[in-house]
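Heads up: the structure comes next, in C-alpha cells.
Lettering follows sequence order; numbering is per chain, from 1.
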Amino acid sequence: MFPIWYVTGLDEVPARRRLGREFFQSEAPEVAQHLLCKLLVIGSCEGRIVEVEAYTRDDPASHSFRGRTDRNAVMFGPAGHLYVYFTYGMHHCANVSTAAEGDGQAVLLRAVVPLSGVDLMVQRRGREQHLADGPGKLCQAFAIDRSLNGIDLCAPSDRLPVIGIFDDGTAPSRIAQASPRVGIRVGTERLWRWSVAL
DNA sequence: ATTGGGATCGTCT
DNA sequence: GACGATCCCAATA
C-alpha cells in the first residue's frame with residue numbers, strides 16, 4: 001500500500017534547502033561524496049548530481065598543485081564558489097571550491113541526471129540523449145561558462161533567478177566503488193571519483 | 001561495444 | 001610552443 005504522505009500528495013514537493021557554506025568547508029573528498037544526489041539548480045534547469053571527483057592542493061592532478069594562478073584562483077578562495085575553467089579549446093568544466101580559504105581544493109561536477117528544464121538542455125545540446133553525463137556536456141546543458149566563474153553557490157544571486165546546490169532529502173541508495181579520476185596522467189592512484197550506483 | 005583521431009584555444013612552460 | 005580534469009563521429013569487431 002502507498003504511504004499516506006504519497007496518497008495525499010503532502011510531500012509531492014519535498015522541502016528543498018540550499019546547501020550552506022558549512023557543507024563545503026570540509027576536505028574535497030568528503031564533500032564530493034556528500035554531493036551525490038544533491039540538486040544542481042541554474043535558472044529553470046535542475047539535475048541530480050550522480051558523478052563527482054575530488055581535487056586537492058597536494059594532488060599532482062589538480063589545477064591547484066602548482067600554486068595559485070589567475071585561472072585557478074577560485075579554488076583558493078572561500079568554499080562554496082563555482083570554479084569554471086575552459087579546456088580542450090571547446091569545453092567548460094564546473095567545480096565547487098571546498099575546504100578553508102587558501103587550501104586550493106575543489107570538487108568537479110562530472111554528471112547529473114536532468115530533472116527540469118530538459119527542453120532547454122536538449123536545445124543547448126543539440127540532441128536528446130546524453131544531455132549532462134559528462135563534465136563538458138553538463139556545462140553545455142546548464143549554460144555554464146567563464147561568466148559564472150567565482151559565483152557564490154551559497155547565497156541568492158543578483159545575476160540569475162536561481163543558482164545553487166540544494167538538498168531535497170534524497171540520499172544515494174548506494175555509492176559505487178570509488179574509481180580513478182578520468183582524463184588525468186598523474187595522481188591516478190587516488191580513487192577520488194564517486195558515482196551513484198544504479 | 002570498443003577504439004582512435006580530430007577539433008580548438010586558453011594557460012602555463 | 002605544447003598540452004589538456006573532453007566530446008563526437010567514424011570505423012572496426
Practice task
Name the nucleic acid region contacted by A/L108, choosing base, sugar-phosphate or nothing; use a 4.0 angstrom heavy-atom cut-off, strictly under.
Solution key: base
Problem - hbond_proxy A/Y88 side chain to B/dA7 base (donor-acceptor, 3.5 Å cutoff) - result: no
Practice task
Give A/H63 one of three labels, base, sugar-phosphate or nothing, depending on what nucleic acid heavy atoms sit under 4.0 Å from its own.
Solution key: base
Problem - Transitive ILVMFWY side-chain link A/F142 to A/L160, under 4.5 Å - result: yes
Exercise for the section: May I ask you to say what A/R127 touches in the nucleic acid, namely base, sugar-phosphate or nothing, with a heavy-atom cut-off under 4.0 Å? Expected result: sugar-phosphate
Fill in the blank from the handout: Of A/R146 and A/H91, the one whose nearest nucleotide on DNA chain B sits closer to the 5' end is A/H91
Problem - Pairing pattern in dot-bracket form [Watson-Crick, G-U; both distances under 3.5 Å; | = partner strand] for DNA chain B - result: |||||||.||||.
Handout entry: Nearest listed nucleotide, side chain of A/F86, among C/dA5, B/dC9, B/dA7
Key = B/dC9
Practice task
Looking at every strand, decide which applies to A/R71 at a 4.0 Å heavy-atom threshold: base, sugar-phosphate, or nothing.
Solution key: sugar-phosphate
Practice task
Could you tell me whether A/G89 contacts a base, only the sugar-phosphate backbone, or nothing, with contacts defined as non-hydrogen atoms closer than 4.0 Å?
Solution key: base
Exercise for the section: Select base, sugar-phosphate, or nothing to describe what A/D70 touches, counting heavy atoms under 4.0 Å on all strands. Expected result: nothing
Handout entry: Aromatic ring proximity, centroids under 6.0 angstrom, A/Y55 and A/H63
Key = no
